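Just below is one structure, and these are the notes that go with it.
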There are 2 protein chains.
Amino acid sequence: MTNYDRTVSESSLAEMLRSRGLRLTAQRQLVLQAVLDLGHATPEQVHTAVREVAAGVNITTIYRTLELLERLGLVTHTHLSHGSPTYHAAGEHQHVHLVCRNCGGIDEIDPELIRPFADQLLAQRGFRVDIGHVSLFGVCGSCENGDQE
Amino acid sequence: MTNYDRTVSESSLAEMLRSRGLRLTAQRQLVLQAVLDLGHATPEQVHTAVREVAAGVNITTIYRTLELLERLGLVTHTHLSHGSPTYHAAGEHQHVHLVCRNCGGIDEIDPELIRPFADQLLAQRGFRVDIGHVSLFGVCGSCENGDQE
DNA sequence: CTTCGTGCAAAGTGTTTGCAAGATT
DNA sequence: AATCTTGCAAACACTTTGCACGAAG
């Protein structure tokens with residue numbers, strides 16, 4: 001999320017691609033950077049962001065690249081409410097998403113908060129929760145107090 | 001989930017429709033019953049189930065009816081992984097979904113298990129989790145132990 | 001008989017695929 | 001030069017909309 005992280009991920013990209021005989025292209029760098037910059041973004045939002053820098057990039061490339069970046073372990077996606085999935089940088093800063101059904105806002109919380117519950121699930125049901133993929137729906141604080149937008 | 005519940009919901013349907021000047025139709029009864037029977041189902045699965053009884057029902061009607069039943073508070077939907085949402089009966093037996101990323105299986109747990117965590121979120125972040133809408137992704141017990149399918 | 005609901009067809013989203021032209025190594 | 005990537009267009013899957021006919025109250 002900081003410049004430092006971005007540099008780390010950008011260089012990982014070059015290495016990960018090379019080590020698999022894949023190629024480093026401007027599009028791939030731009031898509032990764034867009035995901036890092038946006039924090040949470042749908043393929044379409046990534047597309048828009050990338051286009052601001054390189055107008056000709058096709059949405060197809062966005063989809064293919066997001067899929068690739070996910071295989072490389074650089075990004076992950078979650079399914080927030082309806083419609084398109086949203087992508088975000090993977091690894092370091094895992095987080096649980098809090099999605100407000102009213103205003104559509106997305107908040108994040110430290111995954112450690114859900115750890116006790118996750119551990120309980122593992123112990124009781126043998127189910128290992130993927131904490132980086134959790135999205136909880138509900139109503140955020142602002143909307144809860146008549147700040148209805 | 002039992003016959004008793006079904007009866008309750010079926011009669012609720014008639015009342016809720018009447019009280020709003022809407023009409024009770026065979027399609028609406030069939031869709032509701034399918035959701036109750038199936039437990040978790042995508043619009044397409046509901047369609048298939050309904051067709052077994054009434055062949056001519058159109059998928060459009062399934063969509064419209066599911067939306068209606070949701071407005072009436074009789075069913076809810078969740079977004080499990082990618083693709084179509086899945087619907088299930090609302091109210092009484094709320095539950096949290098455990099979705100296995102490996103085998104695709106859906107398990108349910110008592111929402112009380114997540115209550116402490118939900119309460120914590122409300123206290124700390126003012127976010128009120130909609131427990132009936134929670135889906136957690138991960139790996140289920142069977143898949144966790146080499147029962148890889 | 002009035003108003004609501006359904007089926008059908010068509011239009012909309014969002015996503016994937018096939019293929020030739022273009023870029024990277 | 002070899003092969004991976006991209007853009008484009010078309011195909012897809014899922015969902016929504018418009019409208020006339022049919023059904024419920």
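Keep in mind that this is a model prediction, so the values were computed, not measured. Every chain is numbered from 1 and lettered A, B, ... according to where its sequence line falls, protein lines coming before strand lines.
Positionally, the nearest nucleotide of DNA chain C for A/Ile59 lies more toward the 5' end than for the other of A/Arg64 and A/Ile59.
Rounded to an integer number of Å, the gap from CZ of A/Arg28 to C1' of C/dA23 is 11 Å. Distance CG (A/Leu17) to P (C/dA23): 19 Å, rounded to an integer number of Å. A/Glu67 places its CD atom 15 Å from the C1' atom of D/dC4, with the value rounded to the nearest Å. If you measure from atom CZ of B/Arg51 to atom C1' of C/dG7, you get 12 Å, rounded to the nearest angstrom. Straight-line distance from the CD atom of B/Gln45 to the C1' atom of D/dA13: 15 Å, rounded to whole Å. In this entry the distance linking NE2 of B/His79 with P of C/dG14 reads 13 Å, nearest Å. Rounded to whole Å, atom P of D/dC12 lies 18 Å from atom OH of A/Tyr63. For the pair A/Gln29 CD and C/dA23 P, the interatomic distance rounds to 16 Å; values are reported in whole Å.
When hydrophobic clusters are built by joining Ile, Leu, Val, Met, Phe, Trp and Tyr residues whose side-chain heavy atoms come closer than 4.5 Å, directly or via intermediates, A/Leu13 is grouped together with A/Val46. Linking ILVMFWY side-chain heavy atoms closer than 4.5 Å, directly or via other members, places B/Leu36 and B/Leu72 in a single hydrophobic cluster.
Residue B/Thr61 places at least one side-chain N or O closer than 4.0 Å to OP1 or OP2 of C/dG7. An OP1 or OP2 oxygen of D/dT6 is reached within less than 4.0 angstrom by no side-chain nitrogen or oxygen of A/Asn58. A/Ser84 has a side-chain polar atom (N or O) that falls below the 4.0 Å cut-off from OP1 or OP2 of C/dT15. Distances shown here put every side-chain N or O of A/Gln27 at or beyond 4.0 Å from the OP1 or OP2 atom of C/dA23.
Salt bridge annotation for A/Glu112-A/Arg115: present, with a cationic side-chain nitrogen under 4.0 angstrom from a carboxylate oxygen.
With a 6.0 Å radius and a threshold of 12 heavy atoms from other residues, nucleotides or ligands, A/Glu44 has its CD atom at or below the threshold.
Under the 30°/60° scheme for interplanar angles, the aromatic rings of B/His40 and B/His97 are found to stand perpendicular.
Side-chain atoms of B/Ser12 and B/Leu74, non-hydrogen and from C-beta on, do get closer than 4.5 Å to each other.
B/Thr78 OG1 to B/Ile106 CD1: the interatomic distance, rounded to the nearest 0.5 Å, is 8.5 Å.
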Scan nucleotides 21-25 of chain D against the protein and return all N/O pairs shorter than 3.5 Å with their distances rounded to 0.1 Å.
unit_1, atom_1, unit_2, atom_2, d
D/dA24, N3, B/Arg23, NH1, 3.0

